[in-house]
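Position 1 is the first residue of the sequence; numbering continues from there.
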Amino acid sequence: MADEAPSNQPNTGGNRPSLSLHVPEPKFRPGDTVDFSHIDIGEAGKQPRPDESCAPEDMRDLAYGLIRVLGEDDRAHGPWDPKLDPETLRTMLKHFATVRAFDERMFRGQRQGKTSFYMKCTGEEATSISTAMALASDDMVFPSYRQQGVLIVRGYPMIEMINQIYSNKGDKLKGRQLPIMYSSREHSFFTISGNLATQTPQAVGWAMASAIKGDSRIAATWVGEGSTAEGDFHSACTFATVYNAPVILNVVNNQWAISSFSGFAGAERTTFAARALGYGLAGLRVDGNDPLACYAAEQWAANRARANGGPTLIEFFTYRAEGHSTSDDPSGYRSATEREDWPLGDPVMRLKKHLIALGEWDEDRQAAMDLEAAELVKKTTKEAEANGILGHGLHHPFRTMFEDVFEELPWHLKEQAEQAVHERKTKFPDGLPNGGKGA
């Protein structure tokens, strides 16, 4: 008897039920009415603040709740209130205004063809500015690509940021990095990488080295919630716990990894802060749109690390108000009203209202600050544009492509460099067009 043809029907195993696959799906798509009532944001000031030396297992509830300081009355509440003085709060607000103005100008520059790419951090400013202010200026930071606020806080020259975005002749990285992937050893700012989550094990390794040397500096890293699904993140958590590394793992949960909502990284099942529990890490879940809560949580984790209490994983629960980048159109995958209906509001507005409630600010001073920030960014941008913009020919000399990698250039690269220079001189005997530099 001939063999029977294989069946394409699934084998359900007799009376056993068929299996089914769950595919995460966001609650709202374009055109849907938004309802965030399922999000329990809790009451400001109600989360307890444990001692910085407490055991991670005693912090379980803090990984599921939401640490909040600013209430609906625009006042600070509870034990997590960092009790910052008005001048510090105004400085924080000024950094917010500067980053907002910087983002707007650079976004416009990309649309005008002056650069190829840019990423705004609108709605997430507190997760970088407030946290950076809670760290020591020489603590080593390993950022993701939406932490421009850290550089602003640390006083990195804005013109250097714009030169890097334009990849012009003033770019200290010589056009070797994608726009917005800054680097500054002098400001303890590790080079941003486009490869997701690579900065997390690097931060842990740096922190381990700092501990081995008996140094006093700690490390902090930032990663998006989507990137926590990468293997590097889990390796970082393991090493951080095993070696009690003085490091802070900041997870910015802005609900979207480009067009994939956070459920694909595990948000449907639990919080991202809860991942700390399985590793034996201290875990905090924080209102990422509350500047005071962000500051307080980072300060708590920094104090813990500095006292050899170990690493901390912090989830900043926030919302990416605009597109993932200038290459993204969020209207194609999420409701247009999500930004306005987000229950935690806008960090800039919340800090401004808090200062007004304290009697330390007003709308006129806010308008003047916004204008001053916009004029500063405009002036600096024009200075940077004198060094060149995309497609102008004003860039670093061609020979620099072969520099800064090897202490002594290998023979085969010497040959390639000589051949490349020869070809350019043959093609452009009178020099490069459009005022470009020679070899």
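Side chain to side chain, S188 and D138 fail the donor-acceptor criterion of an N or O pair below 3.5 Å. Q419 and E415 share no donor-acceptor pair across their side chains, judged by distance under 3.5 Å alone. There is no side-chain donor-acceptor pair under 3.5 Å between D232 and S235. If you check the side chains of Y333 and D328, you find a donor sitting under 3.5 Å from an acceptor. When only modelled atom types and interatomic distance are considered, D171 and Q164 share no side-chain donor-acceptor pair under 3.5 Å. Side chains of Y319 and N253: no donor on one and acceptor on the other come within 3.5 Å. For the residue pair S128 / R146, no side-chain donor-acceptor distance below 3.5 Å is found, with atom types taken as modelled. Residues D370 and Q366 bring a donor and an acceptor atom of their side chains to less than 3.5 Å of each other.
Looking at heavy atoms from C-beta onward, R75 lies out of side-chain contact with L70 at the 4.5 angstrom threshold. No side-chain heavy atom of P143 sits less than 4.5 Å from a side-chain heavy atom of T221. Using a 4.5 Å heavy-atom cutoff, the side chains of T200 and F239 are not in contact. Using a 4.5 Å cut-off on side-chain heavy atoms (C-beta onward), F317 and V286 make no contact. Between I180 and F117, the closest side-chain pair of non-hydrogen atoms falls below 4.5 Å. Looking at heavy atoms from C-beta onward, P311 lies in side-chain contact with N244 at the 4.5 angstrom threshold. Counting only heavy atoms from C-beta outward, the side chains of T312 and L281 never approach each other to under 4.5 Å. For the pair V141 and R154, the minimum side-chain heavy-atom distance is below 4.5 Å.
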Can you list the steps and then say if T198 with F233 is a side chain to side chain contact (heavy atoms under 4.5 Å, CB included)? CA-CA 8 Å; T198 57; F233 176 79; over 6 Å; no
*Apply the test side chain to side chain donor-acceptor pair (under 3.5 Å) to residues E298 and N250: give CA-CA distance (whole Å), side-chain angles for both, the deciding distance (0.1 Å), then the verdict.*
CA-CA 9 Å; E298 196 77 6; N250 297 305; 3.1 Å; yes
Test log, rule salt bridge (Lys or Arg N to Asp or Glu O under 4.0 Å), inputs E403 and K174: CA-CA 10 Å; E403 298 175 352; K174 301 182 179 180; 3.8 Å; yes
- Query: Between R306 and D139, does a salt bridge (Lys or Arg N to Asp or Glu O under 4.0 Å) hold up when you go through it step by step?
  - Reply: CA-CA 11 Å; R306 258 182 260 285; D139 286 336; 2.8 Å; yes
Note to self: Between D290 and R350, does the salt bridge (Lys or Arg N to Asp or Glu O under 4.0 Å) criterion hold? Intermediate values first, please.
What the structure shows: CA-CA 7 Å; D290 182 338; R350 290 178 70 179; 3.7 Å; yes
For this session: List the steps and the verdict of salt bridge (Lys or Arg N to Asp or Glu O under 4.0 Å) for E87 and R90.
Result: CA-CA 5 Å; E87 190 57 38; R90 282 190 288 267; 3.0 Å; yes
What verdict does the side chain to side chain contact (heavy atoms under 4.5 Å, CB included) test give for S144 and V223, after you've listed the backbone C-alpha separation in whole Å, the side-chain angles of each residue and the deciding distance to 0.1 Å? CA-CA 6 Å; S144 182; V223 67; 5.6 Å; no
For a side chain to side chain contact (heavy atoms under 4.5 Å, CB included) check, start with the C-alpha distance between F402 and Q416, then their side-chain angles and the critical distance, and finish with the verdict. CA-CA 9 Å; F402 298 93; Q416 290 180 33; 4.0 Å; yes
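Going from atom OG1 of T115 over to atom CE of M106 covers 8.5 Å, rounded to the nearest 0.5 Å. Between the CD1 atom in I39 and the CG atom in L344 there is a gap of 7.0 Å [rounded to 0.5 Å]. Interatomic distance, Y295 OH to L135 CG, rounded to the nearest 0.5 Å: 9.0 Å. M140 CE to H187 NE2: the interatomic distance, rounded to the nearest 0.5 Å, is 12.0 Å. Summarising the geometry, atom NZ belonging to K379 is positioned 10.5 Å from atom OG1 belonging to T381; distances are rounded to the nearest 0.5 Å. Here the OG1-CG distance, from T98 to L93, works out to 9.5 Å after rounding to the nearest 0.5 Å.
Using modelled atom types, one side-chain atom of T271 and one backbone atom of A63 make a donor-acceptor pair closer than 3.5 Å. When atom types are taken as modelled, the side chain of H77 and the backbone of V69 share no donor-acceptor pair closer than 3.5 angstrom. Not a single donor-acceptor pair under 3.5 Å links the side chain of N163 to the backbone N or O of K169. Although no hydrogens or angles enter the test, the distance criterion places no donor-acceptor pair under 3.5 Å between the side chain of T241 and the main chain of G280. At least one donor-acceptor pair closer than 3.5 Å links the side chain of E125 to the backbone N or O of G123. In terms of modelled atom types and a separation under 3.5 Å, the side chain of R320 and the main chain of T122 share no donor-acceptor contact. The backbone N or O of I159 sits nowhere less than 3.5 Å from a side-chain atom of T380 that would complete a donor-acceptor pair. In terms of modelled atom types and a separation under 3.5 Å, the side chain of R275 and the main chain of C237 share no donor-acceptor contact. In this structure a side-chain-to-backbone donor-acceptor pair under 3.5 Å is missing from E225 to A265. Between the side chain of T326 and the backbone N or O of Y118, at least one donor-acceptor pair lies under 3.5 Å.
Note: F142 and F190 meet the aromatic proximity criterion, with ring centroids under 6.0 Å apart. Two rings, from Y145 and H324, have their centers less than 6.0 Å apart.
Between R108 and E104, none of the side-chain N atoms (NZ, or NE/NH1/NH2) sits under 4.0 Å from a carboxylate O, so this pair counts as no salt bridge. For D329 and R334, the salt-bridge test fails: no basic side-chain N is under 4.0 Å from an acidic carboxylate O. Salt-bridge check for D103 with R100: failed, with every basic side-chain N at 4.0 Å or more from each acidic carboxylate O. Salt bridge status for R49 with E52: present, with a side-chain N to carboxylate O gap under 4.0 Å. The existence of a salt bridge linking K382 and E385 is excluded, since no basic side-chain nitrogen approaches an acidic carboxylate oxygen closer than 4.0 Å. We find that E124 and K120 are not joined by a salt bridge, their nearest charged nitrogen and carboxylate oxygen being 4.0 Å or further apart. Look at D287 and R68 and you find a salt bridge, because one of the NZ, NE, NH1 or NH2 atoms lies within 4.0 Å of a carboxylate O, short of that distance.
Between H234 and Y279, the ring planes lie tilted relative to each other; the angle falls in the 30° to 60° range. The aromatic rings of W342 and F36 lie perpendicular to each other, with more than 60° between the two planes, well past the 30° mark. Using cut-offs of 30° and 60° on the angle between ring planes, the pair W300 and W80 is tilted.
Counting all heavy atoms, side chain and backbone alike, G65 lies closest to Q47 at CA-NE2, 3.3 Å. Taking each heavy atom of N387 and G170 in turn, the nearest pair found is CB-N, 4.0 Å. Heavy atoms only, all atoms of each residue included: A257 and G226 are closest at CB-CA, 4.1 Å.
Remark: D40 CG is loosely packed, at most 12 non-hydrogen atoms of other residues, nucleotides or ligands lying under 6.0 Å away. Atom OH of Y243 is surrounded by 12 or fewer heavy atoms from other residues, nucleotides or ligands within 6.0 Å.
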